[in-house]
Structure formats: structure tokens, C-alpha cells
Amino acid sequence: MKEYKLENFDVIVIGAGHAGCEAALAAARLNMKTAIFTLSPDTVANMPCNPSVGGSAKGQIVSEIDALGGEMGRAADATALQARVLNRGKGAAVHSLRVQSDRAKYSRYMKNALEKQPGLYLKQAEVVEICVEAGITTGVRTKQGAFYGARAVIITTGTYLGGKIFIGESSYEGGPDGLCAPTALTESLIDLGMSIRRFKTGTPPRVHRRSVDFSKVAQQDGDEFAPRFSFPDESGYGKQLPCYITFTNKDTHDIILKNLERSPLYSGEIRGVGPRYCPSIEDKVVRFGDKERHQIFIEPMGTDTDELYLQGLSSSLPEDVQLKLMRTIIGLENVEVIRPGYAIEYDCAEPLQLHATLEFKNIKMLFGAGQFNGTSGYEEAAAQGLIAGVNAARLIANKEPLILDRASSYIGTLIDDLVTKGCVEPYRMMTSRSEYRLILRQDNAPERLLKIGYEIGLQTKENYQKLCALEEKLAHELELLKKTSVRFCDELNAMLLEKGTTPISQSVRLYELLKRPQLSYEALIKFAPLISLSNLTPLLVYKLEIAVKYEGYIKTQTEQIKQMRKLERRKLSPALDYSKIKGLRIEAQEKLNLHKPLSIGQAGRISGVNPADISVLLIATSSAMSPLLPQEEV
């Protein structure tokens, strides 16, 4: 095949899924001439699994993406079908917004964002080779033989790279929604010395609305008030579509168990490692044999389609078995299948090969993001894409990289987990993965990250000014609560008793009363005529209550963060040979030489490195002239 050279770009992004879109938009908005390559422009930001954005811990990530200047939150808000805040019955740390999106409109929104972005070029082509000279990325080559020069390349291939579809005994090369599966790029990456592994994910059947008996299933409506992802919009979501809930039963489980030998998961056909926290229905029935039923959510795919998504029924069983088991479920007795469920295996990279910037350690100017890095989920992918796009642009511009630590964000936690601990299965973000989750709430994502987004050039001055005004308003209202007292009276004490808390016998500051978990801001200000609820938005009231009720816990976590950051400031040289440090255990020497941590804090999070090893490193780096410190710090 004749090869030829076409355009040169600053940044090239391979793949136009959720990671690719954020990476390309970030790079272009930071004044880099950027190209994004996709197998089909009609599937930009495709949602082959559940067309939803957010959820537990994921809602926090989307708000963080928005605060930094990314696009996912705005897209989700613009295309929402239903919105709910999950875990409202639990503490504020785990409150998370989830939006059911219109799948087709979401894709069109993001495609339009790419098309309208100055300096960004959307191109249809299959990239088959990463071109590298002397360890530095120089561009990419397409299947047609075209060479495109680039100063940096970002790989965001999702589940397409080396994709293989499994439905029962049938298997074939392919990506989601009938697209082809690129395979040549994997060979190019292996030739470059990259460690590639095989992961697996799956999706449930999609069914026709007319075939569902909604009179037999429970309706689940959205929240009347749910805060939007995009700052500073607090307008809510307006009219929403309902979702529905039904359950599997003994008959369903019996059919699955009788047909396990026809499942590629249990016949040995699927060798890729699947996500532990999003198992197929076969896995659920086998692993949780004591459960009599499993919840199934029936969710809309869009306003212009009668296609419904059966969340919780992911399966790679044969089509005939899928149909049979579905028809045992209440409400689905006459179900019509539009798309069968399937499993897909795909190629991805070992994330331990990455710096915290998401640049590969052994190939300069080459970055990875999204499911290519071993994660699962649209939100985790978009977050990595944003960071990779920012860091590719800043590296080209000779600026300091953007590295978020674990105390700053879920995004920082996600990336630190990947590059420090790696993953043996598709990584999914959960609130339990963060040791600072009370600080990393969804409601305060703008306070934590919007200023950073403004400083790096992705957030607007207008939004930054609105954030400053919000923080001033919050500080003012908190001070007012501390200064305002309410006198005890029969009406107040009757309310306190009704709420299940102790009455008062003398004047008490509103601030102190609001600390009681049984009491709300709205209930108390009725007894303080100088304070008006009409001056505050629901979100500001929510923030005030959190600041007061969790004050002690927030102070404790803030102190823990200070101690953590002290260890993060103790830098380590990437050229350090840990086998020469006396007192380190052999396992610690091996793990540290493998991971090459950049700080004492990061070293402490590596599996196999214990507190005694950290003490040795602390002593070894205690001198300002220590050879263990990076040269520029000595």
C-alpha cells in the first residue's frame, strides 16, 4: 500500500467516546490544533450500555469534570430524561446525582460540541499505528496509509480495540453496535513494548415499550428537585420520564442455571476479566444463590424511540435463553427483544505504565485515557480524557502538568489508584475508595476545582466570579447563623419535641441548634424573623446544613489531608535504585523499583510497601542533600 503524509497537529486523539471527546475538547480549548479520529462520526460519545450519567461516586466525578471546564455535565443536563439524587437517606458524603439521558440526543450534543469547537477537527479513519522515533511519539498512521504528524497522541479506544462479541455459542470480532473492531493498533502497541491485557464487559437486552405490561411493575419517578451537574445552573430538570422496577424470580434463576453450559462465561470461551461490581445476571444467580430475586430497572432510551433498557439484566446467554428467562419476569411476559444482550472482550493497557499525568513512562508524548486504561464507566473515562487532554496541551506548551491529589477530587483518587496500584479487573469508582469522601462531596466540586479550571484556561471568568459570590454568600449566612439567637418559647419547644430532640430553657444560637441531626434550616428560621429563606437557593441551604452539621468531621478530615500532603511534598527521584537502600525489605525494594513513585506519599500507597518501609524512606530523605531527592530539589 502506498503511504502518504497529510496534516500535522499538536494533539491527535484516537477514539471519540467519552474520554476522547473530553480530551479533544480540552486540548483544542487550550489552543492546540487537535484532531479526533473515530470509526464513525455517527457514534460520537455513544452509550452502548445504560444511557445514564452519574450515580454513586460517579455523580461526584461528573461535577468535578464540569468544575474543571469539561463538557459531560452540560451534555447530561441538556439531554436528561430523569434525574434522581441517590443515597438521600444516608450521609451527605455519598449523595450522588444520576441522570437518565436520551441516548441519541447525548451523542448529537457531543458531536455538535466537537464540530463547533475552533481548532478541533473530527475525522473518520481507523488508526493502525502509533509512530515513534527515539522514544518520542511523532504521529499516527491510518488504515488507508495516511500519516498524520502530532506532537502528542492520546489513545481513547474504549471497548473497541480488539473487540470480540459473545452471545451464547456465537462469537465474532466486532465493537459495540455493529461497528468493526480495530486489531492492527494492538500489534503496534505491543511492538512499542506496551503491556496489553484483556478485559470484558457486557450489556443487557433492549426491548420494545409496547411489549411491557406497566400495570404490573412499580413506577419510579425522578426527584422534584435535583441539582444540575453544570455550575451555576440550579433550574432543575423540569418534566421527567418515569422508570420502572421489576424483579427476577425462582423460574428466572432456574432457566439460567439449566443453561449455564451455553454461557460463554462458564464454558471458558470468555477469557477476559469482567467488572466485579457490574456482574451479568448469570454471575448474580451463581454468586448470590441465597437471593430469591434481583432488581431490574426498565429505563427509557430516549424521547423519540420506544426502545427500553433493562438495567440489571446484562447477559451473554444465547438469544433463545435470554428471551425465555425474560418472559418469566413480571411485566415482561410478552416481551419483544430489539437487541439481545451480549458480552464484549477488548484490549486495554496496564495502567502502571502511566505517569500521574496519564503519559506513558516509556513513550514520551503518548497518553492513555478511559477504558483503554482499564476502567469501566463513561464518567471515569471522561475524567481521564479531560486530564490527558489538559496535560498533553500543557506538556507541548512547556507548562507544569495538572496532577490532582486524592484529597482534591475523586478524579485524583481514580488516577492515583490506577497509576499506583494498577487494576486486575475493570476499575469502577466508588465512594468507599476515597478516604476523604466527606470533603469530596458533589455539592462542593466547584469550590474545590473551579478555580483550577479557570487558572488552566478551561473555565470562564464569569463562572469564576459567580463561584466567588457564592462563597461570600455562604460565609455571610454562616456568620449570621452564629450571631443569631432564638429565645425559648412553647411553640419552639413543641417543635423540638415533635422532631424528637430536647427542648431548650434559654436562648440558643441558631448555629448550635442546627447541629442537631433532627433539625433543618427551614424549620428553625421560622423562629428567627431576621433570617429569610427566600434569599437562599435550595442548594445554598443544603450547603449551610452540611457546613454546620458536619463541622467536626470536616475539621478532622482537613487535618488528615494536611498530614497526607506533607508526605506528598517529600519527593523521590524516578531514577532511584531502591535495592541500594539499607533497611528496605526485598518485597518493598522490588515494588518500589517497579512503580518508581514520585513521593513518599505515593510510595506508601503501593501494595507490598508497609509503614516500616516508609519509615526507612523518611529517614533516608531527611537530609536536604539526600541523593534520594529529585536533582532539581537538591
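The first residue in the sequence is number 1, and the count goes up from there. Because the structure is a prediction, the values reported are computed rather than measured.
No hydrogens or angles considered: a donor-acceptor pair under 3.5 Å links the side chains of Ser96 and Gln60. Between the side chains of Thr159 and Gln371, not a single donor N or O lies within less than 3.5 Å of an accepting N or O. Between the side chains of Asn391 and Glu359, no donor N or O sits under 3.5 Å from an acceptor N or O. Looking only at atom types and distance, the side chain of Thr328 has a donor-acceptor partner in the side chain of Thr252 under 3.5 Å away. Under 3.5 Å, the side chains of Asn373 and Thr375 contain no donor-acceptor pair of N or O atoms. Tyr542 and Asp443 share no donor-acceptor pair across their side chains, judged by distance under 3.5 Å alone. If you check the side chains of Asp66 and Ser230, you find no donor sitting under 3.5 Å from an acceptor.
A salt bridge does not link Arg271 with Glu345: every distance from a Lys NZ or Arg NE/NH1/NH2 to an Asp or Glu carboxylate oxygen is 4.0 Å or more. Salt-bridge check for Asp347 with Arg197: failed, with every basic side-chain N at 4.0 Å or more from each acidic carboxylate O. A salt bridge is defined here as a Lys NZ or Arg NE, NH1 or NH2 lying under 4.0 Å from an Asp or Glu carboxylate O, and Asp223 with Arg98 fails to meet this definition. The residues Glu307 and Arg209 are annotated as not salt-bridged, no charged nitrogen and carboxylate oxygen being separated by less than 4.0 angstrom. Ion pairing between a basic and an acidic side chain is recognised when a charged N comes within 4.0 Å of a carboxylate O; Arg339 and Asp177 show such pairing. Of the charged side-chain nitrogens involved, none lies within less than 4.0 Å of a carboxylate oxygen, so that Arg228 and Glu234 do not count as a salt-bridged pair.
Put simply, the side chain of Asn87 reaches to within 4.5 Å of the side chain of Ser56, judged on heavy atoms. Considering only heavy atoms from C-beta on, Ser267 stays 4.5 Å or farther from Glu261 through its side chain. Residues Tyr410 and Lys58 have side chains not in contact (no heavy-atom distance under 4.5 Å, counting atoms from C-beta outward). Inter-residue side-chain proximity for Leu332 and Ile298 is flagged as met; some heavy-atom pair is nearer than 4.5 Å. Between Cys423 and Pro351, the closest side-chain pair of non-hydrogen atoms falls below 4.5 Å. In this structure the side chain of Phe166 never reaches within 4.5 angstrom of the side chain of Lys200, judged on heavy atoms. Met326 is listed as a side-chain neighbour of Leu310, based on a closest heavy-atom distance under 4.5 Å. A 4.5 Å side-chain heavy-atom check between Ser316 and Tyr342 finds every atom pair outside the cut-off.
Sparse packing is recorded around CZ of Arg293, with 12 or fewer heavy atoms of other residues, nucleotides or ligands lying under 6.0 Å away.
For Phe214 and Tyr244, the gap between ring centers is short of 6.0 Å. Residues His253 and Phe288 keep their aromatic ring centres 6.0 Å or farther apart. Remark: aromatic rings of Phe225 and Tyr237 are distant, center separation not under 6.0 Å.
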Checklist entry - Yes or no on ring pair (Phe, Tyr, Trp, His ring centres under 6.0 Å) for Phe297 and Tyr309, after CA distance, side-chain angles and deciding distance? => result CA-CA 8 Å; Phe297 293 89; Tyr309 185 93; over 10 Å; no

Checklist entry - Yes or no on side-chain contact (heavy atoms from CB on, under 4.5 Å) for Glu299 and Gln82, after CA distance, side-chain angles and deciding distance? => result CA-CA 10 Å; Glu299 300 177 324; Gln82 186 191 93; over 6 Å; no

Next on the checklist: Could you go through Cys21 and Leu114, starting from their C-alpha distance and side-chain angles, then the distance that decides it, and tell me whether this counts as side-chain contact (heavy atoms from CB on, under 4.5 Å)?
Outcome noted: CA-CA 7 Å; Cys21 287; Leu114 298 179; 3.9 Å; yes

Item to check | Thr142 vs Glu126, side-chain contact (heavy atoms from CB on, under 4.5 Å): CA-CA, chis, key distance, verdict | outcome: CA-CA 5 Å; Thr142 69; Glu126 180 184 334; over 6 Å; no

Next on the checklist: Could you go through Arg262 and Asp320, starting from their C-alpha distance and side-chain angles, then the distance that decides it, and tell me whether this counts as salt bridge (charged side-chain N to carboxylate O under 4.0 Å, His left out)?
Outcome noted: CA-CA 11 Å; Arg262 298 184 66 193; Asp320 60 312; 3.0 Å; yes

Checklist entry - Is there a side chain to side chain donor-acceptor pair (under 3.5 Å) between Ser52 and Gln100 once you walk through the steps? => result CA-CA 4 Å; Ser52 68; Gln100 190 73 19; 4.5 Å; no

Next on the checklist: Working note: Asp416 + Lys421, criterion salt bridge (charged side-chain N to carboxylate O under 4.0 Å, His left out); need CA distance, chi angles, decisive distance, verdict.
Outcome noted: CA-CA 8 Å; Asp416 183 68; Lys421 303 174 184 177; 6.0 Å; no

Checklist entry - Could you go step by step and tell me if Lys250 and Glu292 meet the salt bridge (charged side-chain N to carboxylate O under 4.0 Å, His left out) rule? => result CA-CA 6 Å; Lys250 184 179 183 301; Glu292 295 181 355; over 6 Å; no

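Taking each heavy atom of Ala388 and Ala369 in turn, the nearest pair found is CB-CB, 4.1 Å. Contact record, Phe229 with Gly54: CZ-CA, 4.1 Å, taken as the closest heavy-atom pair. Minimum heavy-atom separation, Asn249 to Asp251: OD1-N, 2.9 Å. Nearest heavy-atom pair, Pro51 versus Met301, reported as atom, atom and distance to 0.1 Å: CG-SD, 3.7 Å. Here the closest non-hydrogen pair linking Ala349 and Phe360 is CB-CZ, 4.1 Å. The minimum heavy-atom distance linking Phe372 with Thr157 is given by the pair CD1-OG1, 3.5 Å.
Considering CG of Asn259 and OG of Ser315, their distance stands at 10.0 Å, rounded to 0.5 Å. Atom OG1 of residue Thr183 and atom CG of residue Leu161 lie 8.5 Å apart, to the nearest 0.5 angstrom. Atom OG1 of Thr248 and atom CD1 of Ile329 lie 6.0 Å apart (nearest 0.5 Å). We find the CG-OG distance between Leu189 and Ser195 to be 11.0 Å, quoted to the nearest 0.5 Å. Residue Arg84 holds its CZ atom at 9.5 Å from CZ of Arg88, rounded to the nearest 0.5 Å. For the atom pair OG1 (Thr420) and CZ (Arg406), the distance works out to 7.5 Å, reported to the nearest 0.5 Å.
Between the Thr156 side chain and the Ile14 main chain, a donor and an acceptor come within less than 3.5 Å of each other. In terms of modelled atom types and a separation under 3.5 Å, the side chain of Arg433 and the main chain of Arg428 share a donor-acceptor contact. Here the side chain of Lys284 pairs a donor or acceptor atom with the backbone of Gly312 at under 3.5 angstrom. For Asn46 (side chain) and Gly17 (main-chain N/O), no donor-acceptor pair under 3.5 Å exists by modelled atom type. Remark: the backbone N or O of Cys49 is paired with a side-chain donor or acceptor of Tyr378 at under 3.5 angstrom. A donor-acceptor pair under 3.5 Å is formed between the side chain of Thr413 and the backbone N or O of Ser409. With Glu22 contributing its side chain and Glu71 its backbone, the two residues share a donor-acceptor pair below 3.5 Å. Under a 3.5 Å cut-off, the side chain of Thr246 and the backbone N or O of Ile330 do form a donor-acceptor pair. Counting only distance, with no hydrogens or angles, the side chain of Arg327 and the backbone of Lys324 share no donor-acceptor pair below 3.5 Å. Between the side chain of Asp283 and the backbone N or O of Pro279, no donor-acceptor pair lies under 3.5 Å.
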